[in-house]
Number of protein chains: 2
Amino acid sequence: MSNFNYVYSLSEENYIKAIYHLSNHGQESVNTNAIAIEMNTTPASVSDMIRKLSKKKVVDYQKYRGVHISEKGKEIALKIIRKHRLWEVFLVEKLNFHWDEVHDIAEQLEHIKSPLLISKLDEFLGFPKHDPHGDPIPDENGVFSTVKKEPLCNIEAGQSCKVITVNDSSSAFLKYLDKVGISIGTTLRIDDHNEFDGSVDITINQNKSTTVSPAAAQNILVTPL
Amino acid sequence: MSNFNYVYSLSEENYIKAIYHLSNHGQESVNTNAIAIEMNTTPASVSDMIRKLSKKKVVDYQKYRGVHISEKGKEIALKIIRKHRLWEVFLVEKLNFHWDEVHDIAEQLEHIKSPLLISKLDEFLGFPKHDPHGDPIPDENGVFSTVKKEPLCNIEAGQSCKVITVNDSSSAFLKYLDKVGISIGTTLRIDDHNEFDGSVDITINQNKSTTVSPAAAQNILVTPL
DNA sequence: AAAAATTTTTAGACAAAACTAAAAATGAGA
DNA sequence: TCTCATTTTTAGTTTTGTCTAAAAATTTTT
Ligand SMILES: [Mn+2]
Ligand SMILES: [Mn+2]
Ligand SMILES: [Mn+2]
Ligand SMILES: [Mn+2]
């Protein structure tokens, strides 16, 4: 295996991560424009990079037919995601960052190349299974736990559920959750769905009743209790 | 001040660090070839980069006359060195790396951009003043302690001294020091200088007598007791 | 002070990754 | 099936950082 240890550029790594992300763990194929939007670049640049990644067998690609991430591509993506999430845990647990401050720093740290560093960091953190936003951390073989989860808006009235993760790690959304009093692990009871605007009435931790917007209800992922 | 927050590229940062290093903390001017050797590149590339850094007022430069790092350049260099050394402390103290394994990883981590990350890391580590190789860690204003230190080979016979730092952080040299039983803080007594090959007879921590080569005696920096 | 050796700069290319503008392919609607 | 809007690719540049080869300046030697 000649390029077992090939090192991908910063740019390549970011594209691979974006494609993996947009494909839902590699199930679906991804089109050029979607990648361009995700990466904040132009479709022309995406076309160029796709040809390059295809030559390196990181994606399967036929002109005009979109890309599908390969097994090799999945492995690379999962390694980057593992690093990203471990660093996020470090920043929150050890350096006392707030969960809405860590994403951009982890975006840089995820590209540090040293397998030994990551295995030592993993051990130092006590082999965490989830990052501060509730996302699962793949192990060194890319295996991670998948808990069934769905958006809050899909849960029927009367049902109780637990917050597993969030669909949006933006500072604005996380700060909003803080204000409302929702975090990973919080128990919510769905009281009512308001037909007219899609907002949802909920009770937080058996005591505080409130209403969340449809946008929030879409981004809070829960598992029924 | 327009470019107060200008972000230097990875390449620019590495050149700035190399120039600072070769100039002994900004005292001396540095010639093109020396930079090329330090950076493992060609004099032509160095010429190009010097012109660029000079335009950005990071160095003072006149054709054929070598470069002198500016105050601005010094500040940038010291920030990178601060990050490098703090990360080295983290790797050794928290992740249990050995002192000969950390340099290359710190070489990557030193380029992570986040002032808040560094101040939190500094606090997490207990505001260390020295890195694992004995080098001083500049504070956020670039101030660092300078202990008088000289190579072991300069100490006269009969004198005792303490190991302050090492001039060479290569794995080969550090592993050699481990084998001989010398580390930062070790007390050495100089027993004799062997005229014919420059080797030095020493006694380590008042008990073990041995002889070190002239190369080693050059790279072990000590302060007389 | 001239010649020789060394150092440094310039000229010209190249690769990676981006962009704009234009061309080509695709797919949906009529 | 034809038209037309949308998507995707190609063509041609640009920027950054590198390289080799050649020219120019400086320093050392004689
Ligand atoms: Mn990234
Ligand atoms: Mn996360
Ligand atoms: Mn570096
Ligand atoms: Mn060090």
Side-chain angles (χ1 to χ4, degrees), chain A residues 3 5-20 22-23 28-69 73 76-77 80 107-108 110-111 113, chain B residues 3 5-20 22-23 28-69 73 76-77 80 107-108 110-111 113:
Chain A
N3 59 352
N5 253 337
Y6 179 82
V7 173
Y8 295 87
S9 73
L10 183 66
S11 228
E12 289 173 323
E13 289 197 349
N14 283 333
Y15 271 99
I16 294 168
K17 212 178 70 151
I19 293 167
Y20 177 83
L22 291 169
S23 73
E28 300 156 29
S29 84
V30 185
N31 54 304
T32 305
N33 269 10
I35 299 170
I37 292 165
E38 172 88 5
M39 298 276 307
N40 227 291
T41 185
T42 61
S45 302
V46 175
S47 260
D48 287 343
M49 182 56 88
I50 281 173
R51 200 171 342 99
K52 188 177 167 192
L53 293 178
S54 168
K55 235 175 257 159
K56 296 188 179 176
K57 309 281 186 196
V58 168
V59 297
D60 300 323
Y61 166 61
Q62 288 166 263
K63 272 192 198 174
Y64 295 101
R65 287 283 105 105
V67 293
H68 199 280
I69 197 160
I76 299 164
I80 302 167
E107 206 60 47
Q108 296 180 63
E110 72 188 2
H111 301 287
K113 265 102 180 163
Chain B
N3 60 351
N5 252 337
Y6 177 83
V7 173
Y8 295 87
S9 73
L10 182 65
S11 229
E12 289 173 324
E13 289 197 348
N14 283 332
Y15 272 99
I16 293 167
K17 210 177 70 150
I19 293 168
Y20 177 83
L22 292 169
S23 73
E28 301 156 28
S29 83
V30 185
N31 54 304
T32 305
N33 268 11
I35 300 170
I37 291 165
E38 171 89 5
M39 299 278 304
N40 227 291
T41 185
T42 62
S45 302
V46 175
S47 259
D48 288 344
M49 182 56 88
I50 282 173
R51 202 172 339 101
K52 188 177 167 192
L53 293 177
S54 168
K55 235 174 259 160
K56 296 188 179 175
K57 309 280 185 196
V58 168
V59 297
D60 299 322
Y61 166 61
Q62 287 166 262
K63 274 192 199 175
Y64 294 102
R65 287 282 105 107
V67 293
H68 199 279
I69 196 159
I76 299 165
I80 302 168
E107 207 58 47
Q108 298 181 61
E110 72 188 2
H111 301 287
K113 265 104 182 162

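Order of the sequence lines sets the chain letters (A, B, ...), proteins ahead of strands, with each chain counted from 1. All values derive from a computational prediction rather than experimental measurement.
The CG atom of Asn31(B) sits 9.0 Å away from the CD1 atom of Ile50(B) when rounded to the nearest 0.5 Å.
Phosphate proximity of dT9(C) to Tyr61(B): present, with a side-chain N or O under 4.0 Å from OP1 or OP2. For Ser47(B), a side-chain nitrogen or oxygen approaches OP1 or OP2 of dT9(C) to under 4.0 Å. Side-chain nitrogen and oxygen atoms of Thr42(B) include none within less than 4.0 Å of the OP1 or OP2 phosphate oxygen of dT20(D). In terms of phosphate contacts, Thr32(B) brings a side-chain nitrogen or oxygen within less than 4.0 Å of OP1 or OP2 of dT9(C). In this model, the phosphate group of dT10(C) is approached by a side-chain N or O of Lys63(B) to a distance below 4.0 Å at OP1 or OP2. Regarding contacts with the backbone of dG27(C), a side-chain N or O of Arg65(A) is found under 4.0 angstrom from either OP1 or OP2. The phosphate of dA18(C) has OP1 or OP2 within less than 4.0 Å of a side-chain N or O from Tyr15(A).
Rounded to whole angstrom, the span from the CD1 atom of Ile37(A) across to the P atom of dT6(D) amounts to 14 Å. Here dT26(C) presents its C1' atom at 13 Å from CG of Asn33(A), a figure rounded to the nearest Å. Rounded to whole angstrom, the span from the CG atom of Asn40(B) across to the P atom of dT18(D) amounts to 11 Å. To the nearest angstrom, C1' of dG12(C) lies 12 Å from CG of Asp48(B). Atom CG in Asn31(B) sits roughly 15 Å away from atom P in dT6(C) (whole-Å rounding). Between Glu13(A) atom CD and dA16(C) atom P there is a gap of 16 Å when expressed in whole angstrom units. Across the protein-nucleic acid pair, Arg51(A) atom CZ and dA18(C) atom C1' stand 14 Å apart, rounded to whole Å. When rounded to the nearest whole Å, the span between OH of Tyr6(A) and P of dA16(C) equals 8 Å.
At least one side-chain heavy atom of Ser11(B) sits less than 4.5 Å from a side-chain heavy atom of Met49(B).
No hydrogens or angles considered: nothing links the side chains of Tyr8(B) and Lys56(B) as a donor-acceptor pair under 3.5 Å.
Glu38(A) contributes no side-chain N or O that, together with a main-chain N or O of Leu22(A), makes up a donor-acceptor pair within less than 3.5 Å.
Residue Thr41(A) places its side chain closer to dC19(C) than to any other of dC19(C), dT7(C), dT7(D).
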>> Please determine whether salt bridge (charged side-chain N to carboxylate O under 4.0 Å, His left out) holds for the pair Glu12(A) and Lys17(A), giving the CA-CA distance in whole Å, both sets of side-chain angles, and the decisive distance to 0.1 Å.
In response: CA-CA 9 Å; Glu12(A) 289 173 323; Lys17(A) 212 178 70 151; over 6 Å; no

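Using a 4.0 Å heavy-atom cutoff across all strands shown, Ser11(A) reaches sugar-phosphate atoms only and no base atom.
Of the two residues near DNA chain C, Ile50(B) and Ala44(A), the one whose nearest nucleotide lies more 5' is Ile50(B).
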